[in-house]
Structures are given as C-alpha cells and as structure tokens.
Number of protein chains: 2
Amino acid sequence: MARPRMFDEERALDAAVRVFWERGYEATSTQDLCDATGLGRSSIYNTFQSKHALFERALARYLDTMTVTQTAVLDDMERPAADRVRALLALVVEGEAECREGSGRALGCLGVNTVVELAGRDPAAAALLERDTVRRLAAYRAVMEAGRRDGSITSSRDPEALARFLNATVAGLRVSSQGGAGPAELAAIAETAMDALTP
Amino acid sequence: MARPRMFDEERALDAAVRVFWERGYEATSTQDLCDATGLGRSSIYNTFQSKHALFERALARYLDTMTVTQTAVLDDMERPAADRVRALLALVVEGEAECREGSGRALGCLGVNTVVELAGRDPAAAALLERDTVRRLAAYRAVMEAGRRDGSITSSRDPEALARFLNATVAGLRVSSQGGAGPAELAAIAETAMDALTP
DNA sequence: CTTGTTTTGTATTGGTCGGTTCAAAACCTG
DNA sequence: CAGGTTTTGAACCGACCAATACAAAACAAG
C-alpha cells in the first residue's frame with residue numbers, strides 16, 4: 001500500500017548504539033547519527049521522534065543485551081557461584097579488551113558512561129539506568145545467596161552488600177579500562193576483588 | 001601602568017571547576033562559564049585563551065587538590081596502613097555524600113567524569129588524567145607496601161595489584177554514588193573492599 | 001592632568017546544533 | 001497501469017555555539 005523502508009530499523013539502532021557509545025550523548029550530532037546509520041535526516045526523525053528518543057531506545061537496547069548476557073553467565077547452575085562471578089568478571093575484562101581493538105582506545109560501557117554524563121540531569125535516562133541497576137543487583141544478590149549456600153562465597157557479609165560491591169567493581173573495572181589499564185591489570189583487579197567475595 | 005583586574009583569577013577558576021564538575025565539558029557553554037564566574041566574555045578569553053584551555057586549568061587544579069588531600073590522609077605515618085586506607089575510603093564516601101547536598105544529585109568526581117567523557121578523544125585531558133593516575137597509584141602502592149611491613153595489609157597479593165584494586169574501588173564508589181547509592185550503601189561497599197586488602 | 005596600557009562590555013562573526021518543510025521518488029494494491 | 005500512501009533527500013529554520021572585534025572605561029606612571 002505504500003513505499004517500504006529501505007533500511008532495517010534494528011540495524012540502524014545498533015549503529016546508533018555504537019556512535020553514542022563512542023562519543024557520548026552530547027558530543028554526538030544528528031549528522032553523526034545520519035553518517036553512522038546511513039539514513040537520511042527525514043528517515044531518522046520519521047522513525048525515531050528525536051535525538052533524545054533515539055538515545056533512549058539505544059540505551060535501553062544496550063542495557064538489555066548487556067544485562068541478559070551477564071545474567072546468562074550468572075545463572076549457569078552447574079558451577080559453584082564463585083566460579084560464575086569469576087566468569088562474569090572475565091566477561092567484563094574481555095569485553096573491555098575487545099572494544100579496544102582498532103581504535104586503541106577503550107569505550108568503557110555505555111551504561112557507566114551514561115550514568116556519569118546524564119544520570120544527574122536526564123530523568124528518562126536515569127530511570128532506564130535505575131531499572132537496569134535494580135535488575136542487575138537482583139541477579140548479583142541471587143548469585144551471592146547461592147554462593148552462601150554452596151559455600152563458595154563468604155557468609156561474613158550479607159548478600160546485599162556483596163552484590164553492591166560486585167556492581168561497584170564492574171564499574172571500577174570499566175573506568176580503569178578507559179583510564180588506560182590493560183587486560184592484565186584489569187584481570188589483577190578482578191582477582192583481588194574476588195578475595196573479598198570468597199571465604 | 002594599566003588597569004588592574006577586577007576579579008580574582010583563582011576564584012574564577014574555582015567557579016569554572018564547579019560548573020564543569022556539574023555539567024561536564026561538552027554541556028557547559030561559555031555563557032555558563034560567564035554566569036558562574038561573574039566575568040564577561042572578554043575577561044575570560046583574555047585570561048584563559050579558550051574554553052578548552054580553561055578546562056585544562058580547571059581539571060589540573062581539581063586533580064591536584066583532590067590528590068593532595070588524598071595523599072595527606074595516606075601519609076599519616078602514625079596509624080597502621082590499613083587504617084589509612086580506611087580513612088581514604090571514608091573521605092571518598094563522605095565527599096560523595098557532601099556534594100549531594102542541596103541539589104540532591106551526586107556529582108561524582110570530575111576526574112572520573114572526565115575519564116569517561118573525554119579521555120578517549122582529548123589528548124590534553126588524557127595526559128593530565130594519566131599523570132594524576134600515576135601519582136595516585138604511586139601513593140596507593142606506597143601505603144600497600146607499608147601495610148605489608150606493619151602487617152595490616154595482606155601480603156598474598158603484590159602491592160601493585162592492590163593499588164590498582166584500590167583505584168578501581170574509588171572509581172566504583174563514585175560511579176555507584178552517581179547511580180543513586182546512598183552513604184550507607186557506599187560505606188558497605190568500602191568495607192567489603194577492605195576485606196580484600198586485609199589479611 | 002596627559003599618556004600609555006590593560007580590562008571590560010557589547011555587538012557580531014561564521015558555523016553548527018536539533019528539528020521541520022516540502023516536493024519528488026518509490027512502492028503496494030487494485 | 002493508476003491511485004494512494006509512505007519514504008526519502010535536500011533545502012531550510014531559528015537558536016545557540018565558541019570565539020573575535022572594537023571602542024569605551026579604568027587605572028598607573030610620568
């Protein structure tokens with residue numbers, strides 16, 4: 001009944017995630033988004049209503065995929081909980097090393113980046129981030145409780161505190177990566193953090 | 001021989017630190033800087049050559065004062081090293097709680113904020129940040145070595161790794177704060193981190 | 001006072017920002 | 001092929017950006 005789209009909306013969204021990830025929200029212009037997605041202005045504003053709305057969708061998409069892969073690792077019931085936490089940290093370390101390829105510079109994590117850049121003055125972004133944090137903290141807490149039961153995680157601190165500590169450690173790893181730390185240093189940080197979690 | 005300044009350059013710089021701290025680099029306009037410092041455009045561009053040059057001076061000033069107060073705490077030779085580290089973390093936690101007053105929102109740390117926003121594409125800022133990180137890591141490492149000698153810090157990991165872990169913990173605390181964590185949660189994170197540092 | 005130098009406020013620069021308008025092009029349905 | 005609907009590209013919008021030009025004002029030195 002009408003002319004069909006010449007582009008894949010999800011692909012465009014992925015490209016938007018990438019450019020927001022690389023440059024942040026403020027430093028990304030609508031022209032950057034056009035270049036990265038290959039779409040024209042009209043197509044972008046026709047599909048997503050504004051730069052901000054596009055950012056919200058990009059952020060939500062990023063957070064969702066990130067958290068899903070993280071919780072997938074944490075929910076592998078076969079292994080002891082501490083091993084799963086180790087695997088999560090390895091995932092983070094490896095992810096940081098990975099996105100450093102080519103450009104040479106680390107990108108950190110769009111979630112952490114957005115917390116720092118926008119959480120204080122963008123209610124929509126703050127809401128998305130808080131929702132994701134709650135979700136991730138719940139997963140972290142669950143694995144800490146499992147570890148307390150199977151004995152692989154210390155019971156000298158309550159699971160809530162351990163979960164928050166793990167969350168802070170992940171953020172610390174990502175900032176350290178952007179600050180110039182290499183894979184070896186990140187791995188050392190992760191191992192040291194595990195000392196606080198294991199009995 | 002000529003007309004004297006009507007403003008104090010250091011005060012203006014402090015005001016610039018504050019506004020860059022609150023909004024970040026990109027989101028701060030020259031008008032914001034005029035409003036915050038009380039200076040006119042000409043005075044700003046006459047004194048500091050550009051927005052970017054002013055930012056460099058503001059960042060350098062912030063990093064210096066921050067690192068000086070941190071190392072002052074760490075160099076208190078009377079107490080065991082572990083206590084000094086605890087005092088440092090308390091300083092960070094308290095600082096985050098403090099800057100949350102009034103506005104309700106945490107500001108994090110201009111250093112961490114800049115690592116995330118600019119380190120990847122602003123060589124000047126990256127250089128300042130790396131210089132500061134090296135300096136801070138040296139101080140952290142020194143206190144870890146002292147702790148190894150006085151027995152208050154674990155000797156099961158080398159001081160370099162412990163220093164990097166402490167650095168990541170500080171960053172993690174600051175991101176957690178911006179992400180909405182309150183003083184109690186931050187304190188719990190700090191305590192848990194100490195578990196990895198003490199024997 | 002006058003002279004010389006600096007600071008200061010105002011107006012303005014060219015450029016880019018996010019966003020809109022509009023007509024032509026492209027497609028599906030019948 | 002024709003009619004109706006959507007997408008698309010390009011020109012365009014006012015607003016704001018960092019930065020500059022310039023002249024009036026304010027001082028110190030003689």
Side-chain angles (χ1 to χ4, degrees), chain A residues 1-60 110 113-114 117-118 121-125 128, chain B residues 1-60 113-114 117-118 121-125:
Chain A
M1 216 152 136
R3 178 176 178 178
R5 293 237 159 103
M6 291 187 60
F7 63 93
D8 177 1
E9 188 168 323
E10 299 240 315
R11 275 192 190 282
L13 206 49
D14 283 335
V17 166
R18 190 159 207 92
V19 65
F20 278 128
W21 193 357
E22 285 168 3
R23 297 158 128 85
Y25 177 74
E26 299 279 357
T28 299
S29 71
T30 54
Q31 189 57 48
D32 292 331
L33 291 166
C34 291
D35 295 348
T37 59
L39 309 196
R41 276 193 142 46
S42 299
S43 301
I44 283 189
Y45 278 88
N46 200 28
T47 310
F48 319 95
Q49 286 76 352
S50 66
K51 176 188 172 184
H52 190 268
L54 171 54
F55 179 75
E56 283 181 49
R57 286 199 50 185
L59 178 59
L110 182 57
N113 296 2
T114 306
E117 185 185 0
L118 289 182
R121 60 201 160 85
D122 184 332
L128 284 171
Chain B
M1 212 152 144
R3 178 177 177 176
R5 292 234 159 104
M6 289 187 61
F7 62 93
D8 178 2
E9 189 168 323
E10 299 240 314
R11 276 193 189 284
L13 205 49
D14 283 334
V17 167
R18 189 158 207 93
V19 65
F20 279 129
W21 193 357
E22 284 167 3
R23 299 158 126 86
Y25 177 75
E26 298 280 357
T28 298
S29 72
T30 54
Q31 189 58 49
D32 292 331
L33 292 167
C34 291
D35 296 348
T37 59
L39 309 196
R41 277 191 141 49
S42 300
S43 301
I44 284 189
Y45 277 88
N46 200 27
T47 310
F48 319 95
Q49 285 76 353
S50 66
K51 176 188 172 185
H52 190 268
L54 172 53
F55 178 75
E56 283 182 49
R57 286 199 49 185
L59 177 61
N113 296 2
T114 306
E117 185 185 359
L118 289 182
R121 60 200 160 84
D122 185 333

Trainee: Could you give the CD1-to-P distance, from B:I44 to C:dT6, as a whole number of Å?
Mentor: 21 Å
Trainee: Between A:E9 and A:R57 (salt bridge meaning N to carboxylate O under 4.0 Å), is one present in this structure?
Mentor: yes
Trainee: Could you tell me how the ring of B:F20 sits relative to the ring of B:Y25: parallel (under 30°), tilted (30 to 60°) or perpendicular (over 60°)?
Mentor: parallel
Trainee: Reckon A:T47 touches a base, only the sugar-phosphate, or nothing at all at heavy-atom distances under 4.0 Å?
Mentor: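 No contact.
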Trainee: To the nearest angstrom, how far is A:L39 atom CG from D:dA10 atom C1'?
Mentor: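 So the two atoms are 16 Å apart, to the nearest Å.
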Trainee: With the side chain of A:R5 defined as its heavy atoms from C-beta on, choose the nearest nucleotide among D:dA18, D:dT7, C:dC17.
Mentor: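 Looking only at side-chain atoms, A:R5 lies closest to D:dT7.
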Trainee: Checking the side chain of A:E117 only, and the main-chain atoms of A:E26 only, is there a donor and an acceptor separated by less than 3.5 Å?
Mentor: yes
Trainee: Distance check needed: C:dG18 C1' versus A:F55 CZ, whole Å only.
Mentor: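 Taking CZ of A:F55 and C1' of C:dG18, I get 16 Å after rounding.
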Trainee: Show the nearest heavy-atom pair for residues B:A36 and B:A15, with the distance to one decimal.
Mentor: O-CB, 3.6 Å
Trainee: With sequence neighbours left out, what residues match A:D32 under side chain to side chain donor-acceptor pair (under 3.5 Å)?
Mentor: A:R23, A:S29
Trainee: Write down the atom of B:T37, the atom of B:A16, and the distance for their closest heavy-atom approach.
Mentor: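 Heavy-atom minimum between the residues: CG2-N, 4.2 Å.
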Trainee: Applying a 4.0 Å non-hydrogen cut-off, can you work out what A:T30 is touching in the nucleic acid: base, sugar-phosphate, or nothing?
Mentor: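 If one applies the 4.0 Å heavy-atom cut-off, A:T30 turns out to touch a base.
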Trainee: Distance check needed: C:dG18 P versus A:R23 CZ, whole Å only.
Mentor: 11 Å
Trainee: Can you measure A:N46 atom CG to D:dA10 atom P for me and round it to whole angstrom units?
Mentor: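 Rounded to the whole Å, the gap is 17 Å.
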Trainee: Is the count of non-hydrogen atoms from other residues, nucleotides or ligands lying under 6.0 Å from B:R121 atom CZ greater than 12?
Mentor: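 Yes.
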Trainee: Between C1' on C:dT16 and CG on A:L33, what's the gap in Å once rounded to a whole number?
Mentor: 15 Å
Trainee: Can you tell me how far C1' of D:dT20 sits from CZ of B:F48, to the nearest Å?
Mentor: 18 Å
Trainee: For the side chain of B:K51, counting heavy atoms from C-beta on, which of C:dG19, D:dA18, C:dT7 is nearest?
Mentor: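 Nearest nucleotide to the side chain: D:dA18.
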Trainee: Out of C:dC17, C:dT20, D:dA18, which has the shortest distance to the side chain of A:Y45?
Mentor: C:dT20
Trainee: Can you work out whether B:M6 or B:T28 has the more 5'-proximal nearest nucleotide on DNA chain D?
Mentor: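 Going by which nucleotide is closer to the 5' end, it is B:T28.
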Trainee: Roughly how far, to the nearest 0.5 Å, is OH of A:Y45 from SG of A:C34?
Mentor: 8.0 Å
Trainee: For nucleotides 28-30 of chain C, tabulate all protein N/O to nucleotide N/O atom pairs closer than 3.5 Å, reporting atom names and distance.
Mentor:
unit_1, atom_1, unit_2, atom_2, d
C:dC28, O4', A:M1, N, 3.1
C:dC28, O3', A:M1, N, 3.1

Trainee: Using a 4.5 Å cut-off on heavy atoms from C-beta on, say whether the side chain of A:D14 contacts that of A:R18.
Mentor: no
Trainee: List the steps, then state whether side chain to side chain contact (heavy atoms under 4.5 Å, CB included) holds for A:L39 with A:L33.
Mentor: CA-CA 8 Å; A:L39 309 196; A:L33 291 166; over 6 Å; no
Trainee: If you find the nucleotide of DNA chain C closest to A:E26 and the one closest to A:S42, which residue's nucleotide is nearer the 5' end?
Mentor: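 Counting from the 5' end, the first nearest nucleotide belongs to A:E26.
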Trainee: Indicate whether OP1 or OP2 belonging to C:dT8 is found under 4.0 Å from a side-chain N or O atom of B:S43.
Mentor: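 For C:dT8, OP1/OP2 do have a side-chain N/O of B:S43 under 4.0 Å.
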Trainee: Which whole-number value in Å describes the distance from B:Q31 CD to C:dA11 P?
Mentor: 13 Å
Trainee: Please tabulate the protein-to-nucleotide N/O contacts below 3.5 Å involving nucleotides 12-14 of chain C, giving atom names and distances.
Mentor:
none

